Amino acid sequence: MTYLLALDQGTSSSRSIVFDQDGHIVAMAQREFRQIYPQPGWVEHDPKEIWDTQLATAREVLQKAKLQAKDIASIGITNQRETTVVWNKTTGEPIYNAIVWQDRRAEPTCAELRQQGKEKTFQQKTGLILDAYFSGTKLKWILDHVPGARESAQKGELAFGTIDTWLMWQLTGGQAHVTDVSNASRTLLLNVNTNTWDEELLQILGVPREMLPDVKPSAHLFCHTRADLLGASLPVGGVAGDQQSALFGQACFKPGLAKNTYGTGCFMLMHTGTNFQLSANGLVTTSAAQPTATPEFALEGSVFIGGAVVQWLRDGLNAIKASGEVQQLAESVPDAGGVMFVPAFTGLGAPYWKADARGAIVGLTRGTTVAHIARAALESIAFQSAALLQAMSRDAVAAGGSPVAELRVDGGACVNNLLMQIQADLLGIPVVRPKVIETTALGAAYLAGLSCGVYKNLDELSAQWQVDRTFRPTLPRARAQERMAQWEHAVRMTTAP
Ligand SMILES: Nc1ncnc2c1ncn2[C@@H]1O[C@H](COP(=O)(O)OP(=O)(O)O)[C@@H](O)[C@H]1O
Ligand SMILES: O=P(O)(O)OC[C@H](O)CO
């Protein structure tokens, strides 16, 4: 049997998973690390903790799987995206903490660039909107605020990387400074049509070219790890940002195939093939994981509060003791009793983009119980995701394609059967949960397996993808549309008049 090792570096934990060549999980290890909140709206990680926890889980998973490094054909890396690290090339020391994707400190820079009318330039070259979410303006913040940083960067002394790049630097003892297209496409610095760093964008943000990593396809021999780390030197053969990796792990290789990951937030991506297409409905365009040098794209929308609303029921309301209890509580009532819950705790993401919106629970009566609120909370995850899918289908049709025909799901909250049924009812299309829901890590393993010849082609991977359960819509379409209209009405109530 051949094995592949996936390193899955997420926002709240580092995980390592060993897969066999048939895509089955052999063993998994996970460690959490510190979230650092220096000021309201700022979120940082210690890059060394990221590396230490990632390495520890890689060692632990080999032990758990009773395997040695020589049994692993290749490593795949997948990671939280946009999170920005800058370090000294000689010492390997970060010059500042990692600025996490959730961090909003670069918003004033984005506002200034928008005022200067730069939004179109960025959008046409990168597919992204000018938002503090992406790496470019975080990197600019570091160069502007860490004393001496820009001068050092200009002298070629500093390296920039997203988390994949930081991990490969560590894995090779400073030999590799490289990233893949799907991570690079989240920086606001990459021309996604040519897959090269864009001089004009670098100039606008004042980023010296010398500090940027080489950009490679997602299935590629990126580097070999230091032999002393895991017991033998191993190739790193696949790299992708976690959401594009999940799209790949869901075998969504063709235009129109879409997945939604139900984690803390929800991330929905639809493959759009080799066509670079901008959304007319509030989504961003991003590079898909690319097994070859040909650019491939996806439309993406994100919901900020997905499974996190269940955490709030647990920690904020004390309505449940563990996230898993929400289904039983919500099922104890036949419906939400007219309650509508918009969890705009941190504003609303795509397709609304309402930064100033705040959460609302409306439709309360004397008969409302915590069970109705729990049900409305679950519905809110499905409503927000349905709004994204509607936007995607409109974009797909506008580009001459068809509306999305089924939604593949993964992530921690997709185990909730009630949520999945509500989702199918609202969407009016089947919601399909695969047997392996660790699709983020699986995607990275697939990419690594492709580049080292464990897999011959994408058809082989499509054949491996297996359904656990399909949730079919049962609600009449007219009723679903009525419910969506009620949701949109509640969304309008979340911003000040
Ligand atoms: N049975 C469940 N029903 C609904 N939500 C759940 C359930 N189990 C876990 N969750 C939610 O899923 C999220 C965890 O999913 P996970 O994929 O691990 O997230 P992340 O990768 O963002 O850390 C949490 O927000 C949790 O509240
Ligand atoms: O680490 P996750 O799973 O929360 O994913 C974070 C995304 O990559 C942010 O864009």
Side-chain angles (χ1 to χ4, degrees), residues 7-15 17 28 30-33 35 43 45 50 54 77-84 98-103 128 131-135 138 162-164 182-183 185-187 240-247 249 259-269 284 286 289 298 300-317 319-331 343 345 349-350 374-375 377-382 385 409-423 433 437-441 443-444:
L7 308 183
D8 180 358
Q9 207 302 304
T11 311
S12 48
S13 70
S14 299
R15 306 198 302 166
I17 302 184
M28 176 164 15
Q30 178 166 7
R31 289 205 191 180
E32 293 192 0
F33 53 85
Q35 307 291 314
V43 189
H45 292 156
I50 286 185
Q54 193 62 63
I77 296 178
T78 181
N79 53 286
Q80 54 167 322
R81 307 167 303 164
E82 301 96 13
T83 299
T84 298
I99 302 185
V100 178
W101 58 277
Q102 296 151 323
D103 190 291
L128 306 175
D131 188 272
Y133 176 20
F134 304 106
S135 317
K138 298 182 198 289
T162 40
I163 295 298
D164 55 314
S182 68
N183 274 293
S185 76
R186 310 296 293 183
T187 61
D242 56 10
Q243 301 311 322
Q244 292 99 327
S245 189
L247 189 70
K259 70 91 196 177
N260 195 19
T261 299
Y262 297 79
T264 311
C266 297
F267 292 90
M268 192 181 288
L269 273 78
V284 300
T286 198
E300 171 171 336
S302 32
V303 164
F304 297 150
I305 302 292
V309 72
V310 177
Q311 289 169 317
W312 182 77
L313 288 178
R314 187 191 62 195
D315 307 333
L317 276 196
I320 47 174
K321 287 206 173 58
S323 297
E325 291 173 17
V326 68
Q327 181 168 343
Q328 207 185 358
L329 181 60
E331 269 172 348
F345 300 155
R375 194 162 179 120
L378 280 187
E379 288 180 353
S380 77
I381 304 175
S385 299
V409 297
D410 52 54
C414 88
V415 298
N416 189 316
N417 292 338
L418 175 63
L419 170 61
M420 294 300 106
Q421 186 57 50
I422 295 171
Q423 188 70 85
R433 185 169 64 200
I437 58 169
E438 295 296 341
T439 48
T440 300

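Note that ligands are numbered from 1 as they come in the structure, with each ligand's atoms numbered from 1 the same way. Note that this is a predicted model, so its numbers are computed, not measured.
Relative to atom 8 (O) of ligand 2, the option among Asn79, Asp242, Val100, Thr83 with the closest non-hydrogen atom is Asp242. Atom 7 (C) of ligand 1 has its nearest heavy-atom neighbour, among Ser323, Cys414, Ala377, in Ser323.
Interface atoms of ligand 2 facing Tyr133, defined by a heavy-atom separation under 4.0 Å, are 9 (C), 10 (O). The contact set between ligand 2 and Gln243, taken as ligand atoms under 4.0 Å from a residue heavy atom, comprises 5 (O). Each of the following atoms of ligand 1 lies closer than 4.0 Å to a heavy atom of Val415: 1 (N). Near Gly10, with a cut-off below 4.0 Å to any heavy atom, the atoms of ligand 2 are 1 (O). Counting atoms of ligand 1 from 1 in the listed order, those under 4.0 Å from a heavy atom of Ser12 are 23 (O). Atoms of ligand 1 lying under 4.0 Å from any heavy atom of Gly324, numbered from 1 in the order shown and given with element: 1 (N). Against a heavy-atom cut-off of under 4.0 Å, Glu82 is close to the following atoms of ligand 2: 9 (C), 10 (O). Heavy-atom contacts of Gln80 reach the following atoms of ligand 2: 1 (O), 8 (O) (cutoff under 4.0 Å).
Protein heavy atom at the shortest distance from atom 16 (P) of ligand 1 is Gly412 N, 3.7 Å. Gly263 C, 3.9 Å is the protein heavy atom nearest to atom 13 (C) of ligand 1. Shortest contact from atom 4 (C) of ligand 1 to any protein heavy atom: Asn416 ND2, 3.6 Å. Summary of contacts: the protein heavy atom closest to atom 5 (N) of ligand 1 is Ala413 CB, 3.4 Å.
For the residue pair Thr261 and Asp410, a side-chain donor N or O sits within less than 3.5 Å of a side-chain acceptor on the partner. Between Asn260 and Ser385, the side chains place a donor N or O and an acceptor N or O closer than 3.5 Å (distance only, hydrogens not considered).
Between the side chain of Thr84 and the main chain of Glu82, a donor-acceptor pair closer than 3.5 Å is present. Panel note: side chain Lys138, backbone Asp103; a donor-acceptor pair is recorded below 3.5 Å. Formation of a donor-acceptor pair under 3.5 Å by the Ser380 side chain with backbone atoms of Ala377 is found in this model. Side chain of Arg15 to main chain of Gly10: no donor-acceptor pair is present (N/O by atom type, distance under 3.5 Å, no hydrogens or angles). Side chain of Gln244 to main chain of Ala240: no donor-acceptor pair is present (N/O by atom type, distance under 3.5 Å, no hydrogens or angles). Under a 3.5 Å cut-off, the side chain of Ser185 and the backbone N or O of Ser182 do form a donor-acceptor pair.
By the definition of a contact as any protein heavy atom under 4.0 Å away, atom 21 (O) of ligand 1 is not in contact.
For ligand 1, the polar-atom distance check finds no N/O of Gly411 at less than 3.5 Å from any of the ligand's N/O atoms. Ligand 2 has no nitrogen or oxygen under 3.5 angstrom from a nitrogen or oxygen of Arg186.
Using a 4.0 Å cut-off between heavy atoms, Thr261 makes no contact with ligand 1 at all. Contact annotation for Val326 and ligand 1: only side-chain heavy atoms (C-beta onward) come within less than 4.0 Å of the ligand. Under 4.0 Å from ligand 2, heavy atoms of Thr11 appear from its side chain as well as its backbone.
Within 6.0 Å of CD on Gln35 lie more than 12 heavy atoms contributed by other residues, nucleotides or ligands.
With rounding to the nearest 0.5 angstrom, the CG atom of Leu128 is 4.5 Å from the CZ atom of Phe134. Note that CD of Gln30 is 3.5 Å distant from OG of Ser13, once rounded to the nearest 0.5 Å.
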task: Go through Ser14 and Gln9 one step at a time and tell me if the side chain to side chain donor-acceptor pair (under 3.5 Å) criterion holds.
output: CA-CA 4 Å; Ser14 299; Gln9 207 302 304; 3.0 Å; yes

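For the ligand labelled ligand 1, residue Ala308 lies inside the 4.0 Å heavy-atom shell. The closest approach between Gln327 and ligand 1 stays at or above 4.0 Å for every heavy atom of the residue.
Shown are Thr11, Thr162, Thr83; of these, the side-chain hydrogen bond (donor to acceptor under 3.5 Å, both in side chains) with Trp101 is made only by Thr11.
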